[in-house]
Amino acid sequence: MSFLLINTRKKAARNAYHRFVAEGMTMGHKSEFTGGGLIRSKGGWSQVLSARRLRMQEESDERILGGGDFVSAILKETEEKTRRQLKIRRSGKAIALIINEACREEQISPVELKNGGRRTQVSALRMKIAKQCIDEPGLPLAEIARHAGVSTSSIAKAIARAERRS
């Protein structure tokens, strides 16, 4: 799929979303759209209170719309990822180490990487490093960009490319 086609679709989707929001704003307050995840999933406060009276406890989080099992699974996945990222950060596997290891494997100088070179192999390595820095220690894009010698938007685009390929 061409870059132009993707951008055209994104622009059309954004415009449709903006129209949707603008139309919704004219509708005023709608009670069916209030409340957190559990309230919405159960169908309102009366169902939540009824379940509590029957001592039917469900995991809930106002940020997540879904049943208790789904909410538990999402929270567990998030906790595991956070725990893994903290462990990597504590181990001292800093971004400099990730960059040096990757450069050594690909036989590319860290200086060439940090100078913002656009050679295909350098760009591919930068993409690999960015993805690894997001997945493992969960570093911010700006920090990765500073160490990789490119802009934050370049890192965001590299990560998007890496995710499309996997």
Side-chain angles (χ1 to χ4, degrees), residues 1-25 33 35-38 40-41 59-166:
M1 192 177 296
S2 77
F3 181 73
L4 182 60
L5 181 61
I6 291 170
N7 275 350
T8 304
R9 287 183 180 173
K10 280 184 183 179
K11 188 174 184 178
R14 283 188 187 120
N15 288 338
Y17 176 73
H18 289 290
R19 279 193 306 276
F20 170 77
V21 171
E23 288 170 12
M25 290 175 73
F33 298 131
L38 179 63
R40 297 270 309 278
S41 296
E59 184 83 48
S60 66
D61 187 310
E62 65 272 1
R63 299 167 296 174
I64 305 169
L65 181 60
D69 293 339
F70 176 74
V71 171
S72 292
I74 294 297
L75 292 174
K76 183 179 179 187
E77 182 181 317
T78 302
E79 287 172 12
E80 288 172 4
K81 183 175 182 180
T82 302
R83 218 177 298 119
R84 194 172 53 248
Q85 288 176 345
L86 286 173
K87 184 179 176 185
I88 290 170
R89 284 183 188 172
R90 284 187 198 129
S91 73
K93 189 168 184 177
I95 190 166
L97 181 60
I98 292 170
I99 289 172
N100 288 336
E101 285 178 3
C103 285
R104 189 173 52 252
E105 285 174 14
E106 299 296 325
Q107 299 178 344
I108 293 174
S109 162
V111 173
E112 183 180 6
L113 178 87
K114 292 175 185 179
N115 283 340
R118 295 177 63 182
R119 195 164 56 97
T120 303
Q121 293 85 347
V122 175
S123 293
L125 177 61
R126 195 174 289 117
M127 179 174 60
K128 176 184 168 184
I129 289 169
K131 184 84 170 90
Q132 186 177 352
C133 288
I134 289 290
D135 290 346
E136 290 178 12
L139 297 172
L141 296 181
E143 185 176 348
I144 299 167
R146 273 192 303 278
H147 288 275
V150 292
S151 68
T152 304
S153 65
S154 295
I155 294 297
K157 289 174 186 174
I159 291 168
R161 274 194 314 274
E163 288 175 350
R164 279 195 306 268
R165 291 181 182 176
S166 51

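Computed from a predicted model, the values in this text were never measured in an experiment. Count residues from 1 along the sequence.
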I would like to know whether N15 and K11 meet side chain to side chain contact (heavy atoms under 4.5 Å, CB included); could you show each step before the answer? CA-CA 6 Å; N15 288 338; K11 188 174 184 178; 4.0 Å; yes
Applying side chain to side chain contact (heavy atoms under 4.5 Å, CB included) to R119 and I108, what does each step give before you reach the verdict? CA-CA 11 Å; R119 195 164 56 97; I108 293 174; 4.1 Å; yes
Applying side chain to side chain contact (heavy atoms under 4.5 Å, CB included), run through R126 and I155 and close with a yes or a no. CA-CA 8 Å; R126 195 174 289 117; I155 294 297; 4.3 Å; yes
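Note that the CZ atom of R14 and the NZ atom of K10 stand 6.5 Å from one another [nearest 0.5 Å]. The CD atom of Q132 sits 10.0 Å away from the CD1 atom of I144 when rounded to the nearest 0.5 Å. K157 contributes atom NZ, which lies 13.0 Å from atom CG of L141 (distance to the nearest 0.5 angstrom).
Residues L113 and I129 approach most closely at CD2-CD1, 3.8 Å, considering heavy atoms. When all heavy atoms of V122 and E112 are compared, the closest pair comes out as CG2-OE2, 3.3 Å. The two residues C103 and P110 make their nearest non-hydrogen contact at SG-CA, 3.7 Å.
Looking at K128 and K131, their side chains never come closer than 4.5 Å, going by heavy atoms from C-beta outward.
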